[in-house]
Amino acid sequence: MRSVIQYFIKYPIAGNALLAMTFIFGWFSLTSLKSAFFPESESKIINVRVIYPGSSPEEIEEGIILKIEDNLKGLTGIKEVSSVSQENSGSVTVEIDEAFDIDLILQDVKNAVDQISSFPDGMEPPAIYKRENLNVACTFTLSGKADLKTLKAYGRQVENDLRGIPGISKVELAGFPEEEIEISLREDDLRSYQLTFDQVTLAVRRANLEITGGTIKGETEELLIRSRSKEYYADALKDIIVKATDDGTIIRLSDVADVNDKWADVHNLS
């Protein structure tokens, strides 16, 4: 140590050069250092979302959720599995151990869910995705003396306006129950038209859909055949033809049922 001090006393320029180099390298290191008010953290959560229209929380739990949880039990790297079942849908949350790569576990989870062949008919394909970690900038509330439909319309308008502001990457609208279409069949009208519940259900299912019918290839172009007849509001479903008789009489859905837009009653089973 004494020899080092003697060296810098004898050659002061070397000491100044070392100090200058330390300052320069320190400055470059400081400017290239990543910093954030909310530190970023890698997501360790995988969500499995299932939708089964017309089902109760118990049906979701017994027919779907438990099967998914059973298939996930043997996977390596899973720390914890939890689930929530509600009307028409359910979700499974998979927490990954810190020592494992979530992308590899995500593929294992997809393979495990795809192996289940006993899902109920009518269930939509499961959505399996990695939960995104988001930093919330601000939260605010819209309120007023108006019904839910009006408030949600204003909320959608504010959401679209915020999306147009540079620097805002994501806006989420929350606080509203899901919108549903309620079809209440009238028993007396069903009997008078000699219809059953299953016939009406089948007619609605066949009429309200969106499917692809393939493609037609020509010499210069390729045409995609697609049926776009899926409706999202009650007024558009009232004219669905339920039955046509031999004498030309047409029976529509509104003739045998009350069709209304409504808000979902959320009943959770977790």
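These numbers come from the heavy atoms of this one structure, side chains and all, not from hydrogens, waters or symmetry mates. The chain is numbered in sequence order, starting from 1.
Inter-residue side-chain proximity for Pro126 and Arg49 is flagged as unmet; no heavy-atom pair is nearer than 4.5 Å. The shortest distance between side-chain heavy atoms of Val92 and Leu72 falls below 4.5 Å. Taking the side chain as every heavy atom from C-beta outward, Gln86 and Ile60 never approach each other to under 4.5 Å.
Residues Val158 and Ile165 share a hydrophobic cluster, clusters being chains of Ile/Leu/Val/Met/Phe/Trp/Tyr side chains in contact below 4.5 Å.
No side-chain donor-acceptor contact under 3.5 Å links Arg252 to the backbone of Leu237. Judged by distance alone, with hydrogens and angles left aside, the side-chain atoms of Arg131 form no donor-acceptor pair with the main-chain N or O of Asn47 at under 3.5 Å. Within the 3.5 Å criterion, the main-chain N or O of Ala234 finds a donor-acceptor partner in the side chain of Asp261.
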**OP:** For side chain to side chain contact (heavy atoms under 4.5 Å, CB included), just list the numbers for Asp103 and Lys130, CA-CA rounded to whole Å, side-chain angles, deciding distance to a tenth of an Å, and then say yes or no.
**Re:** CA-CA 8 Å; Asp103 293 324; Lys130 177 171 61 176; 3.1 Å; yes

Original post:
Can Lys243 and Val256 be said to form a side chain to side chain contact (heavy atoms under 4.5 Å, CB included), step by step?
Top reply: CA-CA 11 Å; Lys243 182 180 180 180; Val256 296; over 6 Å; no

Original post:
When you look at Leu253 and Lys238, which way does the side chain to side chain contact (heavy atoms under 4.5 Å, CB included) test go after all the steps?
Top reply: CA-CA 5 Å; Leu253 183 61; Lys238 292 180 179 180; 5.7 Å; no

Pair up each side-chain donor or acceptor in residues 110-123 with any protein partner under 3.5 Å, not counting sequence neighbours, and list the distances.
residue	atom	partner	partner atom	Å
Asn111	OD1	Gln107	NE2	3.2
Asn111	ND2	Gln107	O	3.2
Ser118	OG	Lys67	NZ	3.3

Validation: residues 192-205 side-chain donor-acceptor distances under 3.5 Å, sequence neighbours left out:
residue	atom	partner	partner atom	Å
Ser192	OG	Asp188	O	3.4
Ser192	OG	Asp189	O	2.8
Thr196	OG1	Gln199	N	3.3
Thr196	OG1	Gln199	OE1	3.4
Gln199	OE1	Thr196	N	2.9
Thr201	OG1	Phe197	O	2.9

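The side-chain hydrogen bond (donor to acceptor under 3.5 Å, both in side chains) test with Ser85 singles out one residue from Glu62, Glu58, Glu59, Glu61, and that residue is Glu61.
Within a 6.0 Å radius of CD in Glu187, no more than 12 heavy atoms belonging to other residues, nucleotides or ligands are found. In Arg191, the CZ atom is not crowded: 12 or fewer heavy atoms of neighbouring residues, nucleotides or ligands sit closer than 6.0 Å.
Look at Lys73 and Glu69 and you find no salt bridge, because none of the NZ, NE, NH1 or NH2 atoms lies under 4.0 Å from a carboxylate O.
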